[in-house]
Amino acid sequence: MSELKQRVVAAFESAFGVAPQTLVRAPGRVNLIGEHTDYNDGFVLPCAIDYETLVAASPRSDSRLRVVAADYGDGRDEFDLAQPITHRTDAPWPDYVRGVVARLLERGLKVQGADLAVAGNVPQGAGLSSSASLEVAVLQCLNQMNGLRLSATQIALLAQQAENDFVGCQCGIMDQLISARGRAGHALLIDCRSLEARPVTLPDDLAVMIVHSRVARGLVDSAYNERRQQCEAAARHYDVPALRDLGLAALQAGAAGLDPLTLQRARHVVTENQRTLDAADALAVGDLRRLGTLMAASHDSMRDDFQITVPAIDRLVEIAQRAIGEHGGARMTGGGFGGCVVALMPQARVAAVQASIAQHYRAPSGDVATVWVCHAREGASTVV
Ligand code: GLA
């Protein structure tokens with residue numbers, strides 16, 4: 001039994017005195033390219049990773065939902081499904097559970113009471129979607145226990161709505177969708193308008209490295225929501241439903257009257273959409289050199305046009321890019337303002353890249369970066 005599975009089962013047994021009946025998992029994710037494009041109806045290229053959230057559960061005969069969080073000192077939450085679901089802001093995790101349950105009930109879906117234990121190993125606050133993996137794991141668990149027959153895409157949409165309406169972050173669909181629908185050994189090129197996803201095989205020899213900068217992500221929600229508003233303002237200026245509908249030529253041709261900052265934000269999204277499509281093609285044919293060029297351009301665009309990087313991350317990306325050379329690429333990944341860098345390279349280069357980062361990088365706090373080499377995993381599933 002994995003360490004995580006042992007931990008979640010032990011937490012369940014010590015809280016509720018019996019063994020759980022159901023065990024489900026949902027992964028975190030790393031986005032290879034396509035940042036802040038999802039809420040503009042654009043393209044993203046993430047893969048689900050082998051860090052995940054586990055939920056152990058058993059049904060109850062009443063309408064109470066009791067939850068114990070193993071990663072928060074066995075902190076507890078308890079509420080009644082027959083009463084309006086309110087917020088609990090005294091701990092970082094209960095609102096994710098309450099939010100998804102509230103969305104299920106709003107849909108008129110029948111959910112019976114349950115006891116749940118939650119444990120995860122997705123690094124938190126790192127931009128690897130620990131919260132999406134929690135939302136999707138809880139939904140998948142309740143889906144199964146209550147025979148709701150929700151598809152993976154429906155689960156992702158409910159999780160996103162919980163985050164938008166209950167938690168208050170206006171995130172797009174990427175994190176929840178890849179956590180629900182990821183494919184082992186593949187990244188998914190997701191069209192965030194149609195929600196179609198094309199699996200792109202990751203070359204056998206490719207290492208997916210995640211490097212945590214040790215810069216905490218601050219003011220994330222407010223800056224994120226502001227970027228989203230700027231993108232929506234740009235779409236209104238161009239009179240298109242979303243920035244997805246704009247090419248670079250149309251962006252430039254219609255720029256008159258748009259303030260320079262909003263134009264910059266729009267330029268990031270428009271160019272990033274094209275880079276994401278190109279990167280999926282490059283990855284599919286194993287062209288790591290081209291992939292590296294696209295990743296570098298993506299990072300520059302996030303730094304200069306979208307302005308969501310921080311100086312320490314820019315340095316970290318440069319160090320990784322130098323060590324990788326023309327054999328792959330590196331860029332900041334996730335919402336921004338701290339967090340992680342994703343670096344792609346042949347396995348044979350991993351040790352050298354790691355050594356270079358250890359030698360040349362320090363966070364402003366003096367901390368060294370943490371490096372994980374990940375594997376692409378399948379989306380939410382039952383644990384056997
Ligand atoms: C966060 C959001 C996603 C996406 C990324 C940026 O992870 O949750 O929806 O917008 O930022 O690409």
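Since the structure is predicted, the reported quantities are computational estimates derived from the model, not experimental observations. Indexing begins at 1, ligand by ligand and atom by atom, following the structure's order.
The protein non-hydrogen atom at the shortest distance from atom 10 (O) of ligand 1 is Y224 OH, 2.5 Å. Closest to atom 1 (C) of ligand 1 among all protein heavy atoms lies D175 OD2, 3.7 Å.
Salt bridge R88/D90: present, at least one basic N to carboxylate O contact under 4.0 Å.
Legend: ring-ring contact (aromatic ring centres under 6.0 Å, His included) pairs involving residues 165-185, not counting sequence neighbours, sorted by first then second residue: H87-F166.
Using modelled atom types and a 3.5 Å distance limit, the side chains of T382 and Q144 yield a donor-acceptor pair. Of the N and O atoms on the side chains of H268 and D304, not one donor lies less than 3.5 Å from an acceptor on the other residue. Between Q154 and R107, the side chains place no donor N or O within less than 3.5 Å of an acceptor N or O (distance only, hydrogens not considered).
Considering backbone and side-chain atoms alike, I173 places every N or O at 3.5 Å or more from each N or O of ligand 1. Here's the thing with H36: one of its N/O atoms is less than 3.5 angstrom from an N/O atom of ligand 1. Residue-to-ligand polar distances keep Y39 apart from ligand 1: every N/O pair is separated by 3.5 Å or more. Considering backbone and side-chain N/O of S129, none are found under 3.5 Å from N/O of ligand 1.
The distance from ligand 1 to the heavy atoms of C171 drops below 4.0 Å at these ligand atoms: 2 (C), 8 (O), 9 (O). Of all the atoms in ligand 1, the ones that sit under 4.0 Å from a non-hydrogen atom of M174 are 4 (C), 5 (C), 12 (O). Numbered from 1 in the order shown, with element, the atoms of ligand 1 that lie under 4.0 Å from a heavy atom of G172 read 9 (O). Near R29, the atoms of ligand 1 lying under 4.0 angstrom from a non-hydrogen atom of the residue are 7 (O). With ligand atoms numbered from 1 in the order given, ligand 1 contributes 11 (O) to contacts under 4.0 Å with heavy atoms of G335.
Minimum heavy-atom separation, R198 to A280: NH2-CB, 4.0 Å.
Considering Q229, R236, R228 in turn, R228 is the only one that fulfils the side chain to side chain donor-acceptor pair (under 3.5 Å) rule with E232.
At most 12 non-hydrogen atoms from other residues, nucleotides or ligands lie less than 6.0 angstrom from CZ of R289.
Shown here are the side chain to side chain donor-acceptor pair (under 3.5 Å) partners of R267, two or more places apart in sequence or in another chain: D305.
Of all the heavy atoms of Q176, none lies under 4.0 Å from any atom of ligand 1, so neither backbone nor side chain is involved.
Closest to atom 4 (C) of ligand 1 by heavy atom, among L177, D38, T37, is D38.
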